[in-house]
Amino acid sequence: MSVACCIPLVECVSCLACVRWVWKKFLYTAGQESENWGAATPEEFEPIPRLCRYILSVYEDDLRNPMWAPPEGYGMNPDWVLLKKEYTDTQGKVSPYMIYLDHENSDIVLAIRGLDMGKESDILMLLDNKLGQTTYDGGYVHNGLLKAAQYVLEEECGVLRGLVEKFSGYSLTFAGHSLGAGVVTLLTLLAVNNREKLGGIERKRMYADVINSVVLQDDFLPRTTVALEHAFKSLLCFPSLMCIMCLKDTCTLEEKMLQDPRRLYAPGRLYHIIVRKPFRFKKITPLVRTAVPVDGRFEHIVLSCNIISDHAIIWILQESQRTLTCMLEKEPIMKIPVAQRMERQASIAKEHMQEHRAAIKRAVALDVPHANSPPSYGTFEESESEEGENSNV
C-alpha cells in the first residue's frame, strides 16, 4: 500500500522537475551566457575564418578540383599542402587531417576535420571514455581523444620538427572542428609538455598559454551536460533520457558541478559569436564576446532550432567571416599604423594574461579542483617577455 502511494508522488516530482526545466530553457538564451564578457578585437579574431576554411578543406578529395568549396573559395595553394591522411592511412585511429604550410601568414597548420557519423572508428573514439577514466597533467581528459592526439604526435612529430627548424619565423597552429577540436586541444597539451619532440620549439611559437575555443551562438556540443556516450546509447529511449536530464539539471547545484573535477568543458579562452536575438528570424549585426570563464561556462543546452546547424563547420565559417567583415568595417586593421598595431597587440596579450590570472583566482575562490596548481603549459610565473604569447585552436 505504501509503495502504491509513493508512485503518484514520484510522478508529481518528476513532472514538476520537467516543467521547471523546460520553463528555464525557454527563458534561457545563448546571449545570456556571455552578456558580461568583453568584446573581441579584429586582430585576435582575424585568424578564425581562415582556419575554418583550412579545416573544411580536409573534407575535399582534391583541392585543385574542390566539390564543397565555400563561395569565396578556400584561399589555399594546393602546392603548400605537405601531407594529408585519410581513414585508411590512420587505420581509424584519428579523423582525416592535413599539414598546410601557410607562407602568406607565416604559419604551420595541422588541421583535423570533425566527426563522421558514418565512420565506425569515429563513433568508437567518441565512446571510448567513462566519467573520470583518464587523467593528464593534473586534470581529467577524454580517453579516446587523448589516444588520438598521442597517435598524431607520434606520427607527425618528425615532420613538424623539420618544419619548425626550417621555418624558424613561422608559428605552429593546431586547428580542428567538433571531434577534431578535442583532438587538437589535447595535441596542444602533449606538444607543450614534449617540446623536445618538436625540436625544442619556443613556447611563444606554440599554442601554450591559451587554447581558443570558438562557439557559434546556440551550438549544442559545448553545452552537453551528460556524457555523450550515454546519449548515443540512449537514442532509442530518448524520452527517458530527457527525463533524467531534467531531474539532474534541476537538482544539481552549479557549485557542485564546478567542484566535480571529472566534468569536461570547452577549453581555454572562449569566443562566442552572436548572430541572432531570441524569438527573431532576422539576423542582427554579429558580434563576438570573449572571456576566460570559470562559472557559467556553457552549462545548459539552449532550446533553439539552430542548436544543430550552429555546430556545422560551414556555418561557423560563414558567420565568422560575416562577423569579421563587420568588425573590419567599424575598425579596419590595415588603416592602423604598424607601430600602433604592434603596441595594440601587446596590450591585448597583456589583458588576456590578466584575465587568465583573474580566472585562476576565481577558480580558487570557488574551490574548483586543481585550481591552486595550474599545469606547466599555463603557468603565469614566466618572464614579462613571454607575456605576449598567444595560442589558437
Can you run down the ring-ring contact (aromatic ring centres under 6.0 Å, His included) pairs that involve residues 90-111, sequence neighbours left out, and say none if there aren't any? Y54-Y100, W80-H103, H103-F167, H103-Y170
Applying side-chain hydrogen bond (donor to acceptor under 3.5 Å, both in side chains) to T285 and not counting sequence neighbours gives none
Measure the CZ-CG distance between F220 and N306 for me, rounded to the nearest 0.5 Å. 13.0 Å
The complete set of ring-ring contact (aromatic ring centres under 6.0 Å, His included) pairs with one or both residues in residues 175-200, sequence neighbours excluded, reads H177-H311
List the atom pairs, donor and acceptor, that lie under 3.5 Å between side-chain atoms in residues 66-77 and the rest of the protein, sequence neighbours left out.
unit_1: Y74; atom_1: OH; unit_2: E60; atom_2: OE2; d: 2.6
unit_1: Y74; atom_1: OH; unit_2: W68; atom_2: O; d: 3.3
unit_1: Y74; atom_1: OH; unit_2: A69; atom_2: N; d: 3.4
unit_1: N77; atom_1: OD1; unit_2: D79; atom_2: N; d: 3.0

Applying salt bridge (charged side-chain N to carboxylate O under 4.0 Å, His left out), name anything that partners R161, two or more places apart in sequence or on another chain. none
According to a hydrophobic-cluster definition based on side-chain heavy atoms being under 4.5 Å apart (Ile, Leu, Val, Met, Phe, Trp, Tyr only), do Y151 and L124 belong together? no
Residue pair D107 / L101, side-chain heavy-atom distance below 4.5 Å: no
Using the rule that Ile, Leu, Val, Met, Phe, Trp and Tyr join whenever any side-chain heavy atoms are under 4.5 Å apart, tell me whether L126 and Y87 fall into a single cluster. no
Among L115, V183, I316, which residue meets the side-chain contact (heavy atoms from CB on, under 4.5 Å) test with S178? L115
Taking all atoms of both residues into account, what is the closest heavy-atom pair of L198 and A191, and its distance? CD1-CB, 3.8 Å
Euclidean distance, I274 CD1 relative to I284 CD1, rounded to 0.5 Å: 7.5 Å
Taking the side chain as every heavy atom from C-beta outward, state whether I123 and M117 have any pair of such atoms under 4.5 Å apart. yes
Under 3.5 Å, side chain of N129 to main-chain N/O of N143, donor-acceptor pair present? yes
Y271 vs N212 side-chain heavy atoms within contact, under 4.5 Å: yes
Side chain to side chain contact (heavy atoms under 4.5 Å, CB included) against T325, all qualifying residues, sequence neighbours excluded: Q321, E329
Nearest heavy-atom neighbours spanning V184 and G176: CG2-N, 3.7 Å
Can you give me the closest heavy-atom contact between P49 and L324, atom names plus distance? CG-CD2, 3.9 Å
Tell me, with the steps shown, if T323 and F45 meet side chain to side chain contact (heavy atoms under 4.5 Å, CB included). CA-CA 9 Å; T323 302; F45 192 74; 4.2 Å; yes
E154 and C157 have their tightest heavy-atom pair at O-SG, 3.8 Å
Does the side chain of L270 come within less than 4.5 Å of W37's, by heavy atoms? yes
Do L153 and L189 land in one hydrophobic cluster if side-chain heavy atoms of ILVMFWY residues count as linked below 4.5 Å? yes
Is T185 close to T188 at the side-chain level, that is, under 4.5 Å between some pair of heavy atoms? no
In Å and rounded to the nearest 0.5 Å, what is the CG to CG distance from L317 to L51? 10.5 Å
Begin with the C-alpha distance, continue with both residues' side-chain angles, and end with the deciding distance and a verdict on side chain to side chain contact (heavy atoms under 4.5 Å, CB included) for M98 and S57. CA-CA 9 Å; M98 74 171 183; S57 71; 3.2 Å; yes
Counting distance only, does the side-chain N/O of S213 pair as donor-acceptor with the main-chain N or O of P267 below 3.5 Å? yes
Could you check whether any side-chain heavy atom of L179 comes within less than 4.5 Å of a side-chain heavy atom of V94, counting everything from C-beta outward? no
Kindly determine whether V214 and H272 satisfy side chain to side chain contact (heavy atoms under 4.5 Å, CB included), including the steps that lead there. CA-CA 6 Å; V214 180; H272 193 197; over 6 Å; no
Are the side chains of P96 and T90 in contact, using a 4.5 Å heavy-atom criterion? no
Kindly compute the distance separating CD1 (I99) from CD1 (I108), expressed to the nearest 0.5 Å. 9.0 Å
Distance check, rounded to the nearest 0.5 Å: M327 atom CE versus E43 atom CD? 8.0 Å
Do any N or O atoms from the side chain of D219 and from the backbone of V215 form a donor-acceptor pair under 3.5 angstrom? no
Which value, rounded to the nearest 0.5 Å, describes the distance between L216 atom CG and S320 atom OG? 8.5 Å
Could you please spell out the steps behind the side chain to side chain contact (heavy atoms under 4.5 Å, CB included) verdict for V288 and T41? CA-CA 8 Å; V288 184; T41 62; over 6 Å; no
Holding to salt bridge (charged side-chain N to carboxylate O under 4.0 Å, His left out), I want the full list of residues that pass it with D116, two or more places apart in sequence or in another chain. R113
Which pair of non-hydrogen atoms, one from D128 and one from H142, has the smallest distance, and what is that distance? O-CE1, 3.8 Å
Under-4.0 Å salt bridge between R289 and E35: no
Contacts of type salt bridge (charged side-chain N to carboxylate O under 4.0 Å, His left out), residue K85, not counting sequence neighbours: E155, E156
Using the test salt bridge (charged side-chain N to carboxylate O under 4.0 Å, His left out), find all partners of D122 that sit at least two apart in sequence or belong to another chain. none
Between S95 and M125, what is the shortest heavy-atom contact and its length? N-CE, 4.1 Å
Report yes if some heavy atom in the side chain of L83 is under 4.5 Å from a heavy atom in the side chain of V159; otherwise report no. yes
Run the side chain to side chain contact (heavy atoms under 4.5 Å, CB included) test against D61 and tell me which residues pass, sequence neighbours left out. none
E196 atom CD, over 12 foreign heavy atoms within 6.0 Å: yes
Would a distance-only check, ignoring hydrogens and angles, find a side-chain to backbone donor-acceptor pair under 3.5 Å from N105 to D102? no
